[in-house]
Amino acid sequence: LLLFRFQPYLLLLHKLYRTCIRRVNCFSCETSKVYNTICQNKEFGTILKSKLILMPNGFDEELLQSLEIKERSFEEKENLIITVGRIGTEQKNTEMLLNALQNLDLKDWKVCLIGPIEPEFHQTINKFYQQNPQKQSQVQCIGNINDKKQLWEWYNRAKVFVLTSNWESYGIVLTEAKRFSNYIISTPVGAATDIIEEERYGSIINQNDITNLSILLQDIINGDKNINEYSNKNKNEMYYSEIIKWISL
């Protein structure tokens, strides 16, 4: 009865959507997953497909050049693992990373959590230090960094970037990590699968798969996984100017 009552409204809304779509020349979306979902939509997929383009977020190369950051080669990078985001939110799922770190022998590696820390998450961090006092100097909370040059220098120094999010929109931090040739470990959120390109630039792990995250990180630390092979050698493909060129072909 309720569905019947609203059916005229839904039909009107459906007609309005189709009219609006016909009047727009071009639509864009950021990830292949969203692109495929839209194209396969039973109601609007056919009409949208001819007007839809996949346009991923690019990297601001002009800003990078203006900041005069000297890019480090893999050999010049530090044994450093970073994550960047709002530390301790449900979305970022930082607990997953901390739980994985408990099982690791970090040796001469460091892990830095970069971003504003949720007030209630300080208790979680303190508990981690209490249970792992030997890791207090190796696992550090850097806090929020607003200065772009300072933030990008962390990517520049790091060899590994970890994203353990439960969900993301796109995940600009993944683009930044790839631009600075970090080996990326990410849950399958946002643009992660597009950016990692079938493990060409890193690895996809399942949400809350602490065991596999620990194994992967330990293999990297031990040198059993040669992450230098995964360095981004096609950085020019990430520039907005290049993305626009191949979209317009």
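No hydrogens, no waters, no symmetry mates; every other heavy atom, side chains included, goes into these values.
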To the nearest 0.5 Å, what is the distance between CG (L97) and CZ (F128)? 8.0 Å

Point-to-point distance, once rounded to the nearest 0.5 Å, from CG of N222 to CG of D105: 7.0 Å

How many angstroms lie between atom CG of D194 and atom OG1 of T175, to the nearest 0.5 angstrom? 10.0 Å

Check E153 with K70, please: is the shortest side-chain N to carboxylate O separation under 4.0 Å? no

Taking a hydrophobic cluster as the set of Ile, Leu, Val, Met, Phe, Trp and Tyr residues connected by side-chain heavy atoms closer than 4.5 Å, whether directly or through intermediates, do I221 and F74 fall within one such cluster? yes

Same cluster or not: L64 versus I145, using hydrophobic residues (I, L, V, M, F, W, Y) connected whenever any side-chain heavy atoms lie under 4.5 Å apart? yes

Say whether, by atom type as modelled, one donor and one acceptor occur between the side chain of Q91 and the main chain of W167 under 3.5 angstrom. yes

Is there a chain of hydrophobic side chains (I, L, V, M, F, W, Y, each step under 4.5 Å between heavy atoms) that links L216 to W109? yes

Is any side-chain heavy atom of N126 closer than 4.5 Å to one of Q123? no

Say whether E95 and N99, considering side chains only, have a donor N or O and an acceptor N or O under 3.5 Å apart. no

Can you check side-chain contact (heavy atoms from CB on, under 4.5 Å) on D147 and L151, steps first, answer last? CA-CA 6 Å; D147 183 83; L151 176 62; over 6 Å; no

Exactly one candidate in E199, R200, K225 meets side-chain hydrogen bond (donor to acceptor under 3.5 Å, both in side chains) with Y230; the answer is K225

Using modelled atom types only, decide if a donor and an acceptor are shared between the side chain of T187 and the backbone of S165 within a distance under 3.5 Å. yes

For K178 and Y183, does a side-chain donor sit closer than 3.5 Å to a side-chain acceptor? no

Kindly compute the distance separating CZ (F44) from CZ (R18), expressed to the nearest 0.5 Å. 6.5 Å

Between E61 and R179, does at least one N-O distance fall below 4.0 Å, as a salt bridge requires? yes

Given I81, which of V139, N182, V162, I185 fulfils the side chain to side chain contact (heavy atoms under 4.5 Å, CB included) condition? V162

If we ignore hydrogens and angles and just use 3.5 Å, is the side chain of D209 paired with the main-chain N or O of I205 as donor and acceptor? no

Tell me whether the count of non-hydrogen atoms from other residues, nucleotides or ligands lying under 6.0 Å of CD in E198 goes above 12. no

Quick one: do the K77 and N156 side chains pair a donor with an acceptor below 3.5 Å? no

Side chain E90, main chain N166, donor-acceptor under 3.5 Å: no

Might you confirm whether atom CD of E62 has over 12 heavy atoms from other residues, nucleotides or ligands at distances under 6.0 Å? no

Check this for me: K127, atom NZ, are more than 12 non-hydrogen atoms of other residues, nucleotides or ligands nearer than 6.0 Å? no

Please tell me whether Y201 and S181 have a donor and an acceptor in their side chains that are separated by less than 3.5 angstrom. no

Is a side-chain donor-acceptor pair under 3.5 Å present for N234 with N236? no

Side-chain heavy-atom pair K135, Q102 within 4.5 angstrom cut-off: no

Are C141 and I87 side-chain neighbours, meaning at least one heavy-atom pair lies under 4.5 Å? no

Are any of the side-chain nitrogens in K92 or E168 under 4.0 Å away from the carboxylate oxygens of its partner? yes

Atom CG of D219 and atom CD1 of I227: how far apart are they, to the nearest 0.5 Å? 11.5 Å

Does the side chain of L48 reach to within under 4.5 Å of the side chain of N41, using non-hydrogen atoms? no

Do we see a donor-acceptor contact under 3.5 Å between the side chains of E30 and Y170? no

Taking the side chain as everything from C-beta on, heavy atoms only, tell me whether S28 gets closer than 4.5 Å to I53. yes

Donor-acceptor pair, side chain of T164 and main chain of M96, under 3.5 angstrom: no

A quick test of your reading: do over 12 heavy atoms of other residues, nucleotides or ligands sit less than 6.0 Å from CD of E68? no

Please answer: with hydrophobic residues joined when any side-chain heavy atoms are less than 4.5 Å apart, are L106 and I142 in the same cluster? no

Enclosure of Q131 CD (heavy-atom neighbours >12, cutoff 6.0 Å): yes

How about OH on Y17, more than 12 heavy atoms from neighbouring residues, nucleotides or ligands closer than 6.0 Å, or not? no

For K235, I'd like to know if atom NZ has over 12 heavy atoms of other residues, nucleotides or ligands within 6.0 Å. yes

side-chain contact (heavy atoms from CB on, under 4.5 Å) assessment of R157 paired with E78: CA-CA 6 Å; R157 292 166 54 189; E78 302 170 23; 2.8 Å; yes

How long is the straight-line distance from OG1 of T83 back to CH2 of W154, given to the nearest 0.5 Å? 12.5 Å

Any heavy-atom pair between the side chains of I47 and R22 that's under 4.5 Å? yes

Residue pair L80, K159: steps toward the side-chain contact (heavy atoms from CB on, under 4.5 Å) verdict: CA-CA 6 Å; L80 176 63; K159 289 181 179 177; over 6 Å; no

Does some side-chain heavy atom of V173 sit less than 4.5 Å from a side-chain heavy atom of Y155? yes

Is there a donor-acceptor pair under 3.5 Å between the side chain of K51 and the backbone N or O of N25? no

If we ignore angles and hydrogens, is there a donor and acceptor under 3.5 Å between the side chains of N206 and N212? no

When you look at F59 and W152, which way does the ring-ring contact (aromatic ring centres under 6.0 Å, His included) test go after all the steps? CA-CA 12 Å; F59 184 84; W152 282 354; 4.8 Å; yes

Does any non-hydrogen side-chain atom of I196 lie less than 4.5 Å from one of S203? no

Under 4.5 Å between side-chain heavy atoms, hopping through other hydrophobics if needed: is there a path connecting V160 to I114? no

